[in-house]
Amino acid sequence: MDKYATGWTNAVCKDSSFISKLLKRKWLLQRPEPTTQPILITERPSSCHDLQGLQFSCPEETPLNVDSRRVFHVIRDDLLHPLMGGNKLRKLDALLPLLQSSSVTDVITCGGCQSAHTAALAVACAESGLHAHLLLRGERLSVPTGYNLISGIFGKVIHVSRSEYADRDSMLMKYAQAVAGEGVIAQMKDIHVCCDTSFRQSQSISLGNLPKKVAIVKEGASDAIALLGLIRLVGYLSQPNYFGRDGKLQLVIDSGTGTTAIGVALGILILRLPWKVLGVMLLERPEEFKKLEKKLLDDFNTMWHQDADCAIKEDGLEDCLEWVCRPRPRK
């Protein structure tokens, strides 16, 4: 079990054994400890980037006498893996091993032309012996670059029109049926989730000519299973050698689909931490983010919180998650 698991005895769920089982599972990340970088806000001239009169520097460690209001920390999850770092890998932390244990052979997902999610899933599948089929919105690039290039190297890329992409669920099912043939298609919610460590060894590499088993992963890995990796991250961040459990903390999370912000906030809720997440929305559609928040929490309750004592209350993440608009468009 992870070294931070002892902290879960103070969690919102009264059944600590349930939480231990929830986290005692096979993970994709063998070294999940986050790296944090302190950023010091200064007023003196500097060669660092300047933003609205504010100047930033990156000291090796935070000076002891500095005002805490002039320091913030960046979680450097981009250092987790050379090709699939960042929050994308956190969302795959529990999801990929679950696909392997369920003998899935092929995975279908979708994203934009330069989707970090599709690139990360393609790399993770290639490293795990699974086949990734990636439905990318829009036209094929004349010269693939960035995440588009990585997606094409490690997965099978299929470009779809913007009109077809608008109905993602139908699009994903259509292509899943084409890949599966006489095999089976499984939504993530249909794959049996075990809250223990009795995972079977993946059979995906040695299936030979047996029928395919295709799993559909939603855009941005917006599935309840993806929340587990983010809950695991919060557990590490609440350790004394990081930020501890007692002080107030705000976590600002850039939110495309919103899954990462929801997962981190759920970890805060379960661990009873005095923290709050500010989810900075990519698009100014708070009703869509709230809709996803409710769906993921409902799915999480259905999958794991069978005991009424463990159920998330109706107000959900209201006290630890706030959706905010970004002051300027993201490039």
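Owing to the predicted nature of the structure, the values given are computational and were not obtained by experimental measurement.
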Next on the checklist: Please report the interatomic distance CG(Asp77) to CG(Leu233), rounded to the nearest 0.5 Å.
Outcome noted: 6.0 Å

Next on the checklist: Counting neighbours of CZ on Arg285 that are heavy atoms of other residues, nucleotides or ligands and sit closer than 6.0 Å, is the number greater than 12?
Outcome noted: no

Next on the checklist: Would Ser222 and Thr259 count as a side chain to side chain donor-acceptor pair (under 3.5 Å) here? Give the steps.
Outcome noted: CA-CA 6 Å; Ser222 298; Thr259 306; 2.9 Å; yes

Checklist entry - From Ile225 CD1 over to Leu296 CG, what is the distance, rounded to the nearest 0.5 angstrom? => result 11.0 Å

Next on the checklist: Give me the atom names and distance for the closest heavy-atom approach of Thr109 to His117.
Outcome noted: OG1-NE2, 2.7 Å

Item to check | Close side-chain approach of Lys295 to Asp299, heavy-atom, < 4.5 Å | outcome: yes

Next on the checklist: Among Leu80, Leu96, Leu83, exactly one meets side-chain contact (heavy atoms from CB on, under 4.5 Å) together with Leu89. Which residue is that?
Outcome noted: Leu80

Checklist outcome for this item: Of Glu293, Glu284, Glu287, the one forming a side-chain hydrogen bond (donor to acceptor under 3.5 Å, both in side chains) with Trp323 is Glu293

Next on the checklist: side chain to side chain contact (heavy atoms under 4.5 Å, CB included), that's the test. Do Ile150 and Met84 meet it? Break it down for me.
Outcome noted: CA-CA 10 Å; Ile150 295 174; Met84 54 174 178; over 6 Å; no

Next on the checklist: Determine whether Trp275 and Ser238 satisfy the following criterion, side chain to side chain contact (heavy atoms under 4.5 Å, CB included), listing intermediate values before the conclusion.
Outcome noted: CA-CA 10 Å; Trp275 300 358; Ser238 65; 4.0 Å; yes

Next on the checklist: For Ile253, is there any backbone N or O sitting under 3.5 Å from a side-chain donor or acceptor partner on Ser255?
Outcome noted: yes

Checklist entry - What distance separates Asp167 CG from Lys174 NZ, expressed to the nearest 0.5 Å? => result 11.0 Å

Next on the checklist: Run the side chain to side chain contact (heavy atoms under 4.5 Å, CB included) test on Leu283 and Glu288 for me, step by step, so that the C-alpha distance in whole Å, both residues' side-chain angles and the decisive distance to 0.1 Å come before the verdict.
Outcome noted: CA-CA 9 Å; Leu283 300 175; Glu288 293 297 323; over 6 Å; no

Item to check | Distance (rounded to the nearest 0.5 Å) between Ile216 CD1 and Asp106 CG | outcome: 11.5 Å

Item to check | Within-4.5 Å side-chain heavy-atom neighbours: Ile185 and Met173 | outcome: yes

